[in-house]
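Scroll down for the structure; my scribbles are underneath it.
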Amino acid sequence: MDLKQIEKAVREILIAVGEDPEREGLRNTPSRVARMYGELFDGLKQDPARHLVSSFTEHYDEMVVLRDIPFNSMCEHHLMPFEGKAHVAYLPDGKVVGISKLARVVDDFAHRPQVQERLTSQIADLLMESLQAKGVAVMIEATHTCMTCRGIKKAGSMMVTSAVRGRCKADARTRGEVMALLRR
Ligand SMILES: [Zn+2]
């Protein structure tokens, strides 16, 4: 990532909005923002699949659920943060992973310019593929600062998205069960 280029761009924005980038409070802002973007977008150079390589064989064929995974991401339409919680469930087919790996997958996908809908389906698709799971369900609840701070300014409103794959989609009973677990 080109931090110097980000610095230059932030300085340009400050000038464009009519500020003085040399005044004391703003002098280090471009470099601070550059480092912050480096962190917020560090998922761009990561392959989230790497967290799922070390799965282990387990004869467990019930639902595995990890709820309330906190995450923050950046709305690619406004470059404003959105944050909330991801709830992830999968129905293993002989392969399971350590639960912390699920949270790491969420972070890698979240730390990119994103939209919530794509974030949700990317997590679901990767789990389905890498774990060869029988089914996957992902639900994300998030508040978007591009909606709470500007535009229609609806503070507190929460966007909910879900993605279901495999048996969690095809089988009505499984789907009902998993959605109840995610919503609780
Ligand atoms: Zn937005």
Side-chain angles (χ1 to χ4, degrees), residues 1-21 25-51 65-90 101-129 136-165 168-169 178-179 182-184:
M1 199 167 312
D2 189 343
L3 297 188
K4 280 286 163 219
Q5 184 72 34
I6 300 173
E7 258 186 75
K8 244 174 82 185
V10 172
R11 204 185 129 84
E12 291 297 315
I13 291 172
L14 287 171
I15 295 169
V17 300
E19 262 292 0
D20 170 15
L26 291 177
R27 209 173 295 147
N28 295 320
T29 299
S31 63
R32 264 195 301 267
V33 174
R35 287 196 301 276
M36 179 183 73
Y37 276 16
E39 200 177 322
L40 293 177
F41 295 136
D42 63 8
L44 274 173
K45 49 184 189 295
Q46 306 292 358
D47 176 14
R50 76 192 192 286
H51 300 301
V65 183
L66 185 61
R67 283 185 40 88
D68 298 323
I69 307 165
F71 76 93
N72 65 282
S73 188
M74 198 71 133
C75 155
E76 69 183 19
H77 299 141
H78 299 94
L79 289 188
M80 292 276 279
F82 66 98
E83 58 180 7
K85 284 172 175 174
H87 315 294
V88 175
Y90 70 99
K101 309 290 187 192
L102 300 176
R104 290 183 197 285
V105 166
V106 171
D107 275 344
D108 275 3
F109 279 128
H111 284 192
R112 305 166 177 203
Q114 266 292 8
V115 296
Q116 185 176 330
E117 295 88 337
R118 189 172 67 230
L119 175 61
T120 313
S121 56
Q122 282 179 329
I123 297 166
D125 288 335
L126 180 70
L127 291 179
M128 197 63 192
E129 197 182 307
V136 168
V138 177
M139 182 189 283
I140 292 182
E141 304 170 288
T143 53
H144 292 245
T145 53
C146 63
M147 184 171 166
T148 54
C149 302
R150 56 162 289 287
I152 56 169
K153 291 191 178 161
K154 294 298 181 200
S157 53
M158 179 89 76
M159 180 163 153
V160 183
T161 46
S162 64
V164 282
R165 302 288 185 267
C168 294
K169 183 174 194 166
V178 72
M179 291 317 271
L182 294 184
R183 258 191 219 108
R184 187 156 57 196

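In each ligand, atom 1 is the first atom listed, and ligand 1 is the first ligand listed. The residues of the chain are indexed from 1 along the displayed sequence.
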Fill in: Closest non-hydrogen atom pair between Val65 and Ala89, with its separation
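Of all heavy-atom pairs spanning Val65 and Ala89, the closest is CG2-CB, 4.0 Å.
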Fill in: Least distance between heavy atoms, Leu3 atom then Gly38 atom
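Heavy atoms only, the tightest pair is CD2-CA, 4.3 Å.
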Worksheet item: Has His78 got an N/O/S atom less than 2.8 Å from the Zn ion (ligand 1)?
Response: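 Coordinating: yes.
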Discussion item. Suppose we only count N/O/S atoms under 2.8 Å; would His77 qualify as near the Zn ion (ligand 1)?
Written reply: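 It does not; every qualifying atom lies at 2.8 Å or beyond.
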Fill in: Salt-bridge contact Glu76-Arg112 (side-chain N to carboxylate O under 4.0 Å)
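A salt bridge is absent here (no side-chain N lies under 4.0 Å from a carboxylate O).
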Worksheet item: At the Zn ion (ligand 1), what's the angle from Cys146 SG to Cys75 SG, rounded to 10 degrees?
Response: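 Vertex the Zn ion (ligand 1), arms to SG of Cys146 and SG of Cys75: 130°.
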Worksheet item: Taking atom types as modelled and ignoring hydrogens, do the side chains of Gln116 and Thr161 form a donor-acceptor contact shorter than 3.5 angstrom?
Response: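 There is such a pair (donor and acceptor under 3.5 Å, judged by atom type) between the side chains of Gln116 and Thr161.
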